[in-house]
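Let me begin by presenting the structure, written as structure tokens, before commenting on it.
Sequence lines set the chain letters: A, B, ... in the order given, protein chains first and strands last, and positions in each chain run from 1.
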Number of protein chains: 4
Amino acid sequence: MKKDKLSRKEREQLQRRAEILQAALELFSQKGYHNVSMHEIAVRAEFAVGTLYKFFKNKEELYKEILMQTAMLFYSALSKALEEKGDEYARVKNFLKTKCKLFMENILSVRLYFSVSGAGVSFNVRRGLETELRSFYDQLIQKLAAVFEKGIQKKIFRPLDPYYLALALDSISNAFLFCWMENPDRHPVDTDLIEEIFFERIYLVHR
Amino acid sequence: MKKDKLSRKEREQLQRRAEILQAALELFSQKGYHNVSMHEIAVRAEFAVGTLYKFFKNKEELYKEILMQTAMLFYSALSKALEEKGDEYARVKNFLKTKCKLFMENILSVRLYFSVSGAGVSFNVRRGLETELRSFYDQLIQKLAAVFEKGIQKKIFRPLDPYYLALALDSISNAFLFCWMENPDRHPVDTDLIEEIFFERIYLVHR
Amino acid sequence: MKKDKLSRKEREQLQRRAEILQAALELFSQKGYHNVSMHEIAVRAEFAVGTLYKFFKNKEELYKEILMQTAMLFYSALSKALEEKGDEYARVKNFLKTKCKLFMENILSVRLYFSVSGAGVSFNVRRGLETELRSFYDQLIQKLAAVFEKGIQKKIFRPLDPYYLALALDSISNAFLFCWMENPDRHPVDTDLIEEIFFERIYLVHR
Amino acid sequence: MKKDKLSRKEREQLQRRAEILQAALELFSQKGYHNVSMHEIAVRAEFAVGTLYKFFKNKEELYKEILMQTAMLFYSALSKALEEKGDEYARVKNFLKTKCKLFMENILSVRLYFSVSGAGVSFNVRRGLETELRSFYDQLIQKLAAVFEKGIQKKIFRPLDPYYLALALDSISNAFLFCWMENPDRHPVDTDLIEEIFFERIYLVHR
DNA sequence: AATGAATGAGCGTTCATTCAT
DNA sequence: CATGAATGAACGCTCATTCAT
């Protein structure tokens with residue numbers, strides 16, 4: 001076994017784990033947590049039920065794992081996007097572009113995510129997870145708000161409440177992205193459009 | 001039986017039906033569809049389980065009924081709001097004010113509604129319902145978009161895509177309303193704020 | 001509904017409950033707690049599985065109920081036997097006779113009982129029950145010991161430790177009863193034999 | 001391979017087998033057959049699960065083996081005790097002393113044994129084992145009875161039914177031993193007490 | 001020979017739904 | 001017409017056993 005490298009066995013294990021997660025993601029995002037049985041996941045993942053329980057303590061843990069993976073992926077990618085070089089305008093543009101990319105590449109996870117933390121509605125998951133997801137979301141909005149605040153100080157943006165600005169940008173981009181993704185033909189995803197609408201004409205101070 | 005008038009029996013039936021719906025709404029919005037049993041609903045509504053099945057074919061129909069009622073209430077109230085007298089600006093303001101009022105008065109239904117159709121995610125309900133709800137939503141957005149279009153023609157609003165404008169207003173108002181409702185103390189619902197932010201300073205053409 | 005009388009429905013319910021208990025007793029005493037499934041009990045009782053859960057919270061409660069019923073039946077009958085009129089000798093004889101009768105009439109329960117509290121061995125039942133059963137047993141032995149003590153004071157019995165005397169009588173009678181019950185032909189149950197052996201010739205003071 | 005001598009490999013195998021049996025005994029006697037998994041035994045014995053199956057056909061065989069070992073140990077030791085030199089009185093005293101010693105030294109096995117064959121109750125084990133254990137027990141009682149018979153002929157013991165005498169001695173000694181073992185402080189194991197109570201004062205003919 | 005990951009039958013339990021009363 | 005006891009399919013999960021390595 002070479003150092004810094006996983007053994008073949010370990011690699012295979014990770015692969016299997018990923019296959020289970022993928023099968024579960026597909027089913028959960030299609031039919032919802034309660035309408036998918038462990039048996040069903042096992043069949044799709046081509047494993048026996050018992051094998052699922054070797055990788056995940058129970059159904060809920062499997063569900064949590066999927067959601068947390070997505071949440072962390074988005075959180076880290078979007079946090080990073082907000083720290084890129086350039087002025088605040090560039091950072092927000094970068095945030096938006098990254099978000100679009102993540103949405104399109106992770107549409108299943110996104111749908112699943114919104115079914116849980118979607119609109120402040122809880123249940124489905126027995127406490128805790130939802131709180132954790134909410135926390136990721138809040139931190140991200142705060143970071144975005146901080147960028148807006150700095151931009152407002154620098155007179156790059158109009159002097160609006162930065163928190164509501166962040167909330168607005170986030171909710172509008174969600175709405176547009178879902179709109180585009182539901183009708184990929186009629187509404188091709190167009191980050192430039194978002195940029196144009198939200199920056200050039202609306203939020204930016206007239207130069 | 002006289003026309004336009006319900007017999008005592010019919011009135012009682014409607015009353016019972018409404019009581020069941022109310023009990024179910026409270027439970028569903030609190031604990032989620034799958035975590036509420038028909039028995040539980042029956043107990044809260046003070047009926048026998050069998051009685052529930054006299055009024056609703058099955059659990060799902062009961063659920064659908066609640067959601068459709070909410071959808072229709074919102075649809076008709078908001079459609080009407082968009083047809084009020086006054087110019088397009090007044091109509092959109094009216095739409096917004098009515099929406100806030102509806103949200104606050106029907107918070108349980110709203111939470112339930114968003115857990116289903118939240119972000120284009122479709123489950124809990126086996127096909128159909130979601131499509132129907134979506135249709136109500138789309139029609140409303142179209143009506144709002146038509147008002148924006150007229151307003152743009154009249155130079156009341158800036159020349160932006162009216163559909164995206166409608167989508168944006170709707171999603172931002174949702175986000176703000178949920179934000180306010182989650183922290184009623186820190187974020188008191190303030191329709192004037194929405195009006196100020198979205199009309200006076202953003203969407204309206206500078207006069 | 002007449003006072004002091006159960007309604008037909010209540011009587012039927014008690015009957016059903018008793019049928020389930022009987023079916024469970026037969027199976028548990030034959031195959032042991034862990035080798036009997038709720039489905040099996042349901043089939044033998046000619047009910048659906050769900051019905052069992054209407055009467056008993058879960059499998060363990062059903063098991064407990066059987067054991068506690070037996071324990072209380074034995075406890076009350078044997079306590080009463082020790083309080084009958086007559087001298088201490090008569091009381092102990094009465095105890096013995098009652099015990100033989102109870103054993104023969106409740107052989108299934110007795111077998112089940114001994115498989116749990118049998119020989120100081122615990123498990124099978126998750127704590128609590130075993131302690132409770134043990135307590136019933138201990139109280140009975142104490143009562144028997146008290147009778148022996150009184151008898152010793154009155155010089156009816158030899159001056160031996162009354163607690164050990166009680167323990168001895170109990171264990172010997174158990175052994176004989178099981179021996180007789182296993183070979184009902186070769187060893188017909190004979191309370192007179194126990195009486196003769198244990199009282200006339202062994203424990204009684206020579207007169 | 002030399003006769004009468006085990007190769008290193010064979011010795012190692014026996015050692016492993018014994019280690020597995022010991023681990024299983026500890027767990028079974030602590031938690032009961034059904035509450036111990038093969039995995040658990042494997043972990044305690046520090047072997048892989050598969051290895052357990054190299055030594056024992058299945059879980060039940062492993063269980064049987066433990067019980068049969070105990071049964072044979074007790075059978076041979078107690079049989080031998082009954083054949084010691086000296087008169088019948090000495091033999092029975094020896095039986096009793098040996099039994100006490102065996103109980104105390106093998107308390108785990110004893111508890112396990114009594115949970116199975118405790119009071120003629122037969123389960124946990126699917127037929128067969130119980131019969132076999134019963135047979136060992138019966139043979140031992142027969143041997144003890146034979147000693148009593150001889151002693152009665154020699155007028156060492158009172159003229160009671162030797163079989164019931166054997167049964168009585170066995171059951172009383174069991175009861176006392178369990179009583180002592182459950183409260184080792186309040187009831188120290190005292191073979192002299194048994195001897196005094198059952199021989200000097202009760203079963204022995206007055207000399 | 002030893003391993004332990006994978007298996008899947010079978011468990012206890014729930015709850016939407018029915019139907020005799 | 002209202003009732004609620006009865007139903008049984010389906011669930012999540014466990015663990016004795018196997019077999020490729």
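Nearer the 5' end of DNA chain E, as judged by each residue's closest nucleotide, is the contact made by A:Glu46, out of A:Glu46 and B:Gly50. In terms of position on DNA chain F, the residue among D:Met38 and C:Thr51 whose nearest nucleotide sits closer to the 5' end is C:Thr51. Nearest-nucleotide positions on DNA chain F for B:Ala48 and A:His39 put B:Ala48 closer to the 5' end. The residue among B:Lys54 and C:Lys54 whose nearest nucleotide of DNA chain E lies closer to the 5′ end is C:Lys54.
Across all strands shown, E:dA1 remains unpaired; no Watson-Crick or G-U wobble contact has both distances below 3.5 Å. Checking E:dC19 for Watson-Crick or G-U wobble geometry (two distances, each under 3.5 Å) identifies F:dG4 as its partner.
Nearest nucleotide to the A:Phe55 side chain, out of F:dT7, E:dT17, E:dA6: E:dA6. For A:Val49, counting side-chain heavy atoms from C-beta on, the closest listed nucleotide (F:dA5, F:dT7, F:dC13) is F:dC13. Each of E:dT13, F:dT3, F:dA2 was ranked by its minimum atom distance to the side chain of C:Asn58; first place goes to E:dT13. Distances from the side chain of C:Arg16 to the nucleotides F:dG12, F:dA6, E:dG4 place F:dA6 closest.
Remark: C:Lys59 is positioned above the aromatic ring of C:Tyr33, its terminal NZ or CZ atom under 6.0 angstrom from the ring centre and at most 45 degrees off the axis.
Between D:Phe56 atom CZ and F:dT17 atom P there is a gap of 13 Å when expressed in whole angstrom units. Separating the NZ atom of A:Lys57 from the P atom of F:dG12 is a distance of 16 Å, rounded to the nearest angstrom. Atom P of nucleotide F:dA6 and atom CD1 of C:Ile20 are separated by 8 Å, given to the nearest angstrom. Distance C:Glu12 CD to E:dT21 P: 9 Å, rounded to the nearest Å. For the pair B:Tyr53 OH and F:dC1 C1', the computed distance is 18 Å after rounding to whole Å. One can place CD of A:Gln13 at 7 Å from P of E:dA5, the figure rounded to the nearest angstrom. For the pair C:Lys31 NZ and E:dG10 P, the computed distance is 13 Å after rounding to whole Å. Between the C1' atom of E:dT17 and the CD1 atom of B:Ile41 lies a distance of 13 Å, rounded to the nearest Å.
A salt bridge does not link C:Lys64 to C:Glu132: none of the charged nitrogens lies less than 4.0 Å from a carboxylate oxygen.
A 6.0 Å sphere centred on CD of C:Glu46 holds no more than 12 heavy atoms belonging to other residues, nucleotides or ligands.
As judged by a 4.0 angstrom heavy-atom cut-off over every strand, D:Lys59 is placed among residues touching the sugar-phosphate backbone only. Contact annotation for A:Val43: no contact, since no heavy-atom pair falls under 4.0 Å across all strands.
A:Gln22 and A:Glu26 are linked by a side-chain donor-acceptor pair at a separation below 3.5 angstrom, with hydrogens and angles left out of the test.
The aromatic rings of C:Phe55 and C:Phe47 sit tilted, their planes meeting at an angle between 30° and 60°.
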